Amino acid sequence: MTLPITRLHAASTALPPGAIRPRGWLERQLLLQAENITGQLEEIWPDVGPDSGWLGGTGESWERGPYYLDGLVPLAHALGDASLIARAQPWIEWMLASQRADGFFGPASTEDWWPRMVAAKVLVQHAEATGDERVAPFLLRWHRYQRENLPSRPLSDWGRARGAEEVLTIAWTHRATGEDWLLELAALVQEQTFDWNTYLTTELITGQAQVFTHSTHGVNVAQGLKTGATAHLLDGDPAHRDRTEAALAALDRWHGQAHGWFSGDEWLGGREATAGIETCLVVEMMHTASTLSRIFGDAIHGDRLESLAYNLLPASSDPMMRGHHYHQQGTQLEISVARRDWSYSSDDANILGLEPHFGCCTANLHQGWPKFATSLWARDADDGLRAVAYAPATVSTEVRGVPVRIDVETDYPFEDAVRITVHAPEPGVRFPLRLRVPSWCEDPALLVDGVQLAVRSGGDGHVEIDREWSGEVTLELTLPMRPRIVRRERQAAAVHLGPLVMVASPGEIWTEVPGAPGLGEWTVHPRTTWNWALADLETAPDWAVRRGPVPEVPFSLGEAATVEATGARVRQWGKDGASAAVPPASPVLDHGPIHGFRLVPYGTARLRVMEFPVVGAWSSADNQQLF
């Protein structure tokens, strides 16, 4: 017999949108999004225009309006931007006014559970940011409707694949209202949700998917990976953590790429560096990583969140955030309209524009950067504050009724130093501050008001400073970054530097497509040849790392972080249509002269070589799972 659920089990809770304000390069990145694609989308894309079904019109009435708001609302509050807050408000008001007496809400043209899961997420963020007291009773009525109807109309299709999203909303409503029957409803939704961890560890397809199922759809997989965390939230069973790790390991084994993430060019696409990754997959996997971090509390999920935010997320758009890919490639030699060997996509899926291939990413991409900013810090169950990921920001909150501000000054991930200043009144307040020590960092160093502290991370990967915080206390955390090699099939290799994947850029020639919709559409072609191989891998930790200023447009090609690698041109490595051919097996014997060449961060290079053949003797380094 299943024991009744009596409480929720989570290591931490999120700080509300607006409690963490981006600074430095991160603020510039969010401002680019606000000024371009997110701030102008309602004027340039009818699917979220005034005729949207989520504004009472006769237009698109499924997921696109809620998707857009799922990014607009946290972006508006992260920046404290009154115009963006006002832009979101009519949508919020229409949702709240649409509720029927039985609790159902949203456009009457569909009763699908799935888009309402996204809409409910939006309302939770709005309530957290504004204190709107209408939201909790609204969601309570909605959950009563679910309790009455889910037994006879259970989750199916997209809702069944993504039901963990609703478990999180029900948990929020339980915390807000104290209604214990909500825990039973959460258990019912969890039971009706697809069992992702079992599927991924026992039935996962081991090559490129050839047909659509909800279990092979890359975005569903990214969202489904949080079902172990929501199960743990309900029953506290630590085995869910192990099953989630096993699921991630299986994905890496069969679909993992050199940047550490699984392919999904609509469907799961295998391990080659030219397989595609959908932009929706990137932003949903970020949301999943932050959810895993909050519920399980392990530092590794912060590593994962940074890996996505600092590599795949910026690479999914042009540097100014005017247009986006539907699919990006790890090794990407051109951005063009062309047939590629992907599981399922139209020829335009790779271009940068308003709506390549399909509009889900046009609606959904907006959540990536603002939710990353909102997830940088979390509040642990013992009132401790925990650094989930590092970026320049200011955190304003209360601990045990005492106002606390944390200023984070850094150009991380482009540099390895993070300066953290904790401000508290006098007399102060005692609480633990937990700083994540990345799994890739071998020699971290920490100064507290100039005094060296031993960095001994606990089993969860954090170093804890438990003290009374009074006045101003400065912590200086140094996370030394040295180039490291990740081996791949055919003994190919990739290079990482801290959280950054380092790639070879052949340069970029941008061509704007005349008459394109939205803010523009671009194809990009290389300036030089691209067929590099790496050499002298045993010296890689000593390759020179050079740092310069972070550009005003943070993820444009620049000098913020570069690695001077050693390599050579490989004559026999060519193209396969618009993509790179499979790299020749290593060691490569037929090559040009060996000399230095520059590597740049993945997220700054829209054209890039990520996975290289290797010149010379084979290295004994094994393939490894990055996370």
Side-chain angles (χ1 to χ4, degrees), residues 14 48 52-54 60-74 91-92 94-96 98-100 103-128 135-136 138-151 153-176 182-183 185-194 196 214 217 219-227 229-231 233-234 280-281 283-288 290-291 295 360 363-364 366-367 371:
V48 297
S52 167
W54 288 92
E60 203 277 339
S61 301
W62 194 47
E63 67 181 7
R64 295 186 180 183
Y67 263 165
Y68 164 59
L69 290 177
D70 196 28
L72 174 64
V73 168
W91 299 82
I92 300 295
W94 187 88
M95 283 187 204
L96 293 174
S98 72
Q99 191 165 49
R100 303 185 317 211
F104 183 83
F105 77 101
S109 58
T110 175
E111 294 187 346
D112 193 345
W113 297 111
W114 161 241
R116 289 164 178 83
M117 293 182 187
V118 188
K121 282 198 297 177
V122 170
L123 291 173
V124 165
Q125 293 172 91
H126 163 74
E128 288 279 286
V135 172
F138 174 96
L139 289 175
L140 197 62
R141 292 188 292 271
W142 166 239
H143 296 324
R144 288 197 181 100
Y145 177 88
Q146 292 178 306
R147 181 177 62 171
E148 294 171 4
N149 289 273
L150 278 169
R153 189 165 67 86
L155 299 180
S156 61
D157 298 330
W158 303 103
R160 180 170 178 257
R162 303 170 177 183
E165 306 291 351
E166 191 66 10
V167 175
L168 296 173
T169 297
I170 296 168
W172 182 88
T173 310
H174 173 263
R175 286 190 290 265
L182 288 166
L183 299 179
L185 175 63
L188 175 62
V189 173
Q190 183 77 25
E191 179 184 334
Q192 291 188 2
T193 299
F194 184 70
W196 281 101
H214 282 286
H217 182 59
V219 182
N220 282 351
V221 174
Q223 293 184 267
L225 280 164
K226 65 171 70 68
T227 56
T230 54
L233 182 66
L234 298 178
C280 277
L281 189 162
V283 297
E284 292 294 355
M285 193 63 231
M286 289 179 66
H287 178 46
T288 290
S290 62
T291 300
I295 293 176
C360 59
N364 196 20
H366 310 272
Q367 66 169 301
K371 285 189 180 179

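Every value quoted in this text rests on a predicted model; they were computed, and no experiment measured them.
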Open item on the list: If you compare all heavy atoms of Ala363 against all heavy atoms of Arg64, which two are closest, and at what distance to 0.1 Å?
Closed with: CB-O, 3.6 Å

- [ ] Start with the C-alpha distance between Val122 and Leu72, add both sets of side-chain angles, then the distance that settles side-chain contact (heavy atoms from CB on, under 4.5 Å), and finish with yes or no.
- [x] CA-CA 9 Å; Val122 170; Leu72 174 64; over 6 Å; no

- [ ] Show your working on side-chain contact (heavy atoms from CB on, under 4.5 Å) between Val135 and Trp172 and close with a plain yes or no.
- [x] CA-CA 11 Å; Val135 172; Trp172 182 88; 4.2 Å; yes

Open item on the list: If you compare all heavy atoms of Gly106 against all heavy atoms of Ser98, which two are closest, and at what distance to 0.1 Å?
Closed with: N-OG, 3.0 Å

Open item on the list: Can you confirm whether Arg141 sits close enough to Phe105 that some side-chain heavy atom of one is under 4.5 Å from a side-chain heavy atom of the other?
Closed with: no

Open item on the list: Measuring only between side-chain heavy atoms, which start at C-beta, is Thr169 closer than 4.5 Å to His143?
Closed with: yes

Open item on the list: Contact between Thr227 and Phe194 at the side-chain level, heavy atoms closer than 4.5 Å - yes or no?
Closed with: no

Task: Atom pair CH2 (Trp91) and CG (Leu96), whose distance is rounded to the nearest 0.5 Å - done: 14.5 Å

Task: Between CZ on residue Arg153 and CD on residue Gln146, distance to nearest 0.5 Å - done: 9.5 Å

Open item on the list: Once you measure the plane-to-plane angle for Trp142 and Tyr145, does it fall in the parallel (<30°), tilted (30-60°) or perpendicular (>60°) bin?
Closed with: parallel

Open item on the list: Between Glu111 and Arg116, does any NZ, NE, NH1 or NH2 come within less than 4.0 Å of an OD or OE carboxylate oxygen?
Closed with: no

Open item on the list: Treating Gln190 as the side-chain partner and Gly163 as the backbone partner, does any N or O pair qualify as donor plus acceptor under 3.5 Å?
Closed with: no

Task: Straight-line distance of Met285 CE to Thr291 OG1, nearest 0.5 Å - done: 9.0 Å

Task: Under 3.5 Å side-chain donor-acceptor pair for His287 and Glu284 - done: no

Task: Leu139 side chain near Val124 side chain, heavy-atom distance below 4.5 Å - done: yes

Task: Criterion side-chain contact (heavy atoms from CB on, under 4.5 Å) on His174 and Ile170, from CA distance to verdict - done: CA-CA 6 Å; His174 173 263; Ile170 296 168; 5.6 Å; no

TODO: Indicate yes or no: at least one non-hydrogen side-chain atom of Val219 is less than 4.5 angstrom from one of Arg162.
DONE: yes

Task: Distance (rounded to the nearest 0.5 Å) between Tyr67 OH and His366 NE2 - done: 11.5 Å

TODO: Evaluate the side-chain proximity of Val118 to Gln367: yes if any heavy-atom separation is below 4.5 Å, no if none is.
DONE: no

Task: Backbone N/O of Phe138 and side chain of Gln99: donor-acceptor pair under 3.5 Å - done: yes

TODO: State, to 0.1 Å, how close Asp112 and Thr110 come at their nearest heavy-atom pair, and which atoms those are.
DONE: N-OG1, 3.1 Å

Open item on the list: Can you give me the closest heavy-atom contact between Pro74 and Gln125, atom names plus distance?
Closed with: CG-OE1, 3.4 Å

Task: Close side-chain approach of Asp70 and Lys371, heavy atoms under 4.5 Å - done: yes

- [ ] I would like to know whether Leu185 and Leu150 meet side-chain contact (heavy atoms from CB on, under 4.5 Å); could you show each step before the answer?
- [x] CA-CA 9 Å; Leu185 175 63; Leu150 278 169; 4.0 Å; yes

Open item on the list: Can you tell me how far apart OG1 (Thr173) and CG (Leu182) are? Round to the nearest 0.5 Å.
Closed with: 6.0 Å

TODO: Specify the closest pair of heavy atoms between Glu166 and Ala120, including all atoms of both residues, with the distance to one decimal.
DONE: OE1-CB, 4.4 Å

Task: Backbone N/O of Ala164 and side chain of Thr230: donor-acceptor pair under 3.5 Å - done: no

Open item on the list: Once rounded to the nearest 0.5 Å, what's the spacing between atom CH2 of Trp158 and atom CG of Asn220?
Closed with: 5.0 Å

Task: Closest approach of Pro107 to Gly53 (non-hydrogen atoms, all atoms of both residues) - done: CG-O, 3.4 Å

- [ ] Would you check if Trp54 and Pro115 make a side-chain contact, meaning some heavy-atom pair closer than 4.5 Å?
- [x] yes

Open item on the list: With no hydrogens and no angle check, just 3.5 Å: does a side-chain donor-acceptor pair link Trp114 and Glu63?
Closed with: yes

